[in-house]
S.K.: 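Sharing a structure here in structure tokens format.
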Amino acid sequence: MAGGAAPGGSTASDTYARARHWLLMPSWAVLGVFVLAPVCVMVIYSFLTKEFRGGVIWDPTLAAYDQFFFDRGLFGDSDPKLQWTYITIFWRSIWQAGLATILSLLIGFPTAYYIATRPAKTRALWVFLITIPYWVNLLIRTVSMKFLLRDEGPLNDFLLNIGLITEPLQIINTNLAVQLGLFYSYLPFMVLPIYAAVERYNFSMSEAAADLYATKWTTLRRIVLPAVRPGVIAGCILVFVPSLGAFLAPDLLGGAKNFMIGSLIEEQFKGNAGNWPFGAAASMILLSMVLILLMIFAHQQRRAEASA
Amino acid sequence: MNSSAELAVDVRNAVKRYGDFTALQQISLGIRDNEFFTLLGPSGCGKTTLLRMIAGFEDVTEGGIFLFGDEIENLPPHKRPVNTVFQNYALFPHMSVLENVGFGLEMKGSSRKEAAKRAGEMLELVQLSQFAGRKPAQLSGGQQQRVALARALAPSPKVLLLDEPLSALDLKLRKAMQIELKHIQRETGITFIFVTHDQEEALTMSDRIAVMSAGELQQLGDARAIYEKPRNMFVADFIGDTNLLEVSVDKVTNGRAECRISGNHALSCDAVDGVDVGARVHLSIRPERLLLSDQGIEGSSLKGTVAENIYIGTDITTIMDVDGGPKITVRTSNTERGNKRIFEPGSRAYVNMETGAARLLVD
Ligand SMILES: Nc1ncnc2c1ncn2[C@@H]1O[C@H](COP(=O)(O)OP(=O)(O)OP(=O)(O)O)[C@@H](O)[C@H]1O
Ligand SMILES: [Mg+2]
């Protein structure tokens, strides 16, 4: 393997580097104004004192983070205990988002693969069909889902009518309903990147594998999946991250018992019960968690690539 | 059934249609075991399509394909004891060169270690040992092509399909690989079905050649038969250089045909089936089988004026304006110049045919 050194990576000439620099300016500007600045505001708010009826007082404190992690009793004077309420909510959120990601992958991959292997003319139609539901606002879709799933809703009616069940199924206000909501909300974010990757995939490699005695299953595992992995990873991130912070599906379908981080944060900025610093702190904790997860993931990717 | 059992691949009346486009029409070919068999034809004539049908990537629209006597219609590609060197290589980009070459062996049940060992040997054979650890993207086109060759050879298939496996190599490496391939084929006894559109490559390497054009088999035979006894205009024109003269047949006697070309020159040659008096057919004469001379021979000469001499190293090509007739190309070997006269442009000369040099073509 001595000769394994890669020939030097492409070093673009100075002219191109400068041009690229300028071309990237608008993107940097948008990112700065709409991503970086709000995040900075959140960081600052999370260290300020809350004002009743929303808003903040410019008085630096760690109270918001303290409230997240510790329980100091009703009057704030008992010995601090670990506060499980919010950690439980976080844990449930990760679990739900992870499950939604796996579910979308299991359904999304075959769907994407199927679409990408249709003749070129029909592919566009399939992609179009996938996106149609998303022309309707997420709120409206989630509310309709609530109607579909409730005890007297069409789903239970149907199951009762065909005699599969005798009592309406309790779906609404369960984790299952939240799961269905998340899965439904973000499925296209799984399908589309995988579709793009499979479409770019050169199927003569599958033929070469079959020619070399690989079964369909082995070909999928050893040849197709490694080739489309970037699409799969993109899809997983695009489903996992928004699921983690989602609040519509847990609010409308999960009820009070199945609270997720998104709802918790949303509550803090809404109405009179709000606590902006606490909401900002919860957001920061969520953000750090996502970043740490992504970093662990990227690190492992790099290790896997290096060892291959 | 007996005769077909000796055939490695037996293509019987195979037809391939894409919609209403017919890519292959009624192809019948018997490829013998241990044979170096070449499919030769211009771009788009259906060579790749035929290989893909044998490998199992395309259905046969009509007819059948037999592998060592067995119909393989329902055998999926991964169960056919056939390996392919793909025209576009189709190497696995995420695997190293060594893993690529070892893949087929692994799939056949060898351990990783065994596969790697044999893959290493194959890489040595194609002179790429020092690149074993690289990814295909880090190789040149010619190197990738040799990896594809090693990968297809490694599992020792019964039949190896090679789709223009040398097309990306420079002339010198190409010649070396031709010899190497021929050597491998003899050594291993694997039946090679070799696709090329390079006629010289086909002539030098093959036991037998199938010349194809527009989805049809034009002629099947060894190099000599294809070159010296082309069956039709297409084969005569496609293989090597030739003079194609339009002639009318005056008389057919004792297997000889008396022909006439424009300018009222008479030529006689061997008759072939399907040539009748009055027919307007073509005569093919290879340039190297013509001689320039001061004296004509009755029935084998054309008189004309030298238009041009072109020096091409090993040979000198002379273009003759035949009186009242077509232009004719004559090739004189450069080594024999000492005992042959060079006619300067503008001088008058006879073009004499060697006996048996002219071949009548019915279509
Ligand atoms: N999937 C397809 N659908 C329609 N027509 C096709 C298809 N594949 C091949 N053809 C047509 O069939 C004919 C034969 O193609 P093929 O690839 O076998 O040519 P070839 O002899 O290998 O040419 P080349 O030397 O350029 O590789 C061509 O006219 C091609 O356009
Ligand atoms: Mg081809």
Side-chain angles (χ1 to χ4, degrees), chain A residues 1-11 109 113 116-122 194 196-234 298 300-308, chain B residues 48 51-52 54-58 76-110 115-116 120 123 128-140 148 151-155 157 160-161 163:
Chain A
M1 310 260 161
S10 62
T11 44
F109 189 90
Y113 192 90
T117 50
R118 291 314 93 196
K121 270 180 286 178
T122 44
I194 298 180
V198 177
E199 202 201 15
R200 271 199 312 275
Y201 172 71
N202 176 1
F203 277 91
S204 63
M205 285 185 325
S206 291
E207 287 185 348
D211 192 65
L212 294 163
Y213 317 108
T215 57
K216 284 225 161 83
W217 173 242
T218 310
T219 304
L220 182 70
R221 213 166 40 84
R222 301 266 319 252
I223 312 294
V224 181
L225 274 180
V228 303
R229 200 168 65 169
V232 173
I233 291 170
Q300 276 181 344
Q301 279 307 151
R302 225 169 301 132
R303 258 221 327 242
E305 231 139 78
S307 74
Chain B
T48 299
L51 278 200
R52 290 175 58 79
I54 297 171
F57 303 127
E58 303 279 357
H78 72 270
K79 292 199 174 144
R80 299 190 184 192
V82 167
N83 285 157
T84 309
V85 181
F86 289 86
Q87 193 167 8
N88 60 1
Y89 323 146
L91 298 176
F92 307 131
H94 57 286
M95 295 185 193
S96 71
V97 165
L98 193 76
E99 287 166 334
N100 262 281
V101 177
F103 186 81
L105 292 158
E106 231 184 284
M107 292 300 115
K108 274 181 97 175
S110 302
L123 284 178
L128 286 176
S129 300
Q130 70 270 38
F131 299 122
R134 285 206 189 171
K135 295 280 167 64
Q138 299 166 333
L139 299 180
S140 76
R151 186 180 67 174
L153 269 170
L160 187 67
L161 309 176
D163 199 346

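Letters go in sequence order (proteins before strands), and every chain restarts at 1.
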S.K.: What salt bridge (charged side-chain N to carboxylate O under 4.0 Å, His left out) pairs are there with at least one residue in residues 203-216 of chain A, not counting sequence neighbours?
M.R.: A/E207-B/R52
S.K.: Looking at B/M107, B/R80, B/R151, which has the largest count of heavy-atom pairs under 4.5 Å with chain A?
M.R.: B/M107
S.K.: Let me know if A/R222 has heavy atoms under 4.5 Å from chain B in its side chain, its backbone, both or neither.
M.R.: both
S.K.: Run the side chain to side chain contact (heavy atoms under 4.5 Å, CB included) test on B/L123 and B/F131 for me, step by step, so that the C-alpha distance in whole Å, both residues' side-chain angles and the decisive distance to 0.1 Å come before the verdict.
M.R.: CA-CA 9 Å; B/L123 284 178; B/F131 299 122; over 6 Å; no
S.K.: If I compare all heavy atoms of B/N100 with all of B/F92, which pair ends up nearest, and what's the gap?
M.R.: OD1-N, 2.8 Å
S.K.: Chain A heavy atoms under 4.5 Å from B/P157: which part of the residue, side chain, backbone, both or neither?
M.R.: both
S.K.: Tell me if a side-chain donor or acceptor on B/R134 pairs with a main-chain N or O of B/Q138 at a distance below 3.5 Å.
M.R.: yes
S.K.: With a 4.5 angstrom heavy-atom cut-off, is it the side chain or the backbone of A/S204 that approaches chain B, or both, or neither?
M.R.: both
S.K.: Pick from A/T218, A/I223, A/N202: which one has the most heavy-atom pairs with chain B under 4.5 Å?
M.R.: A/I223
S.K.: Using 0.5 Å steps for rounding, measure from the NZ atom of B/K135 to the OG atom of B/S96.
M.R.: 7.5 Å
S.K.: Side chain, backbone, both or neither: which part of B/L91 has an atom under 4.5 Å from a heavy atom of chain A?
M.R.: backbone
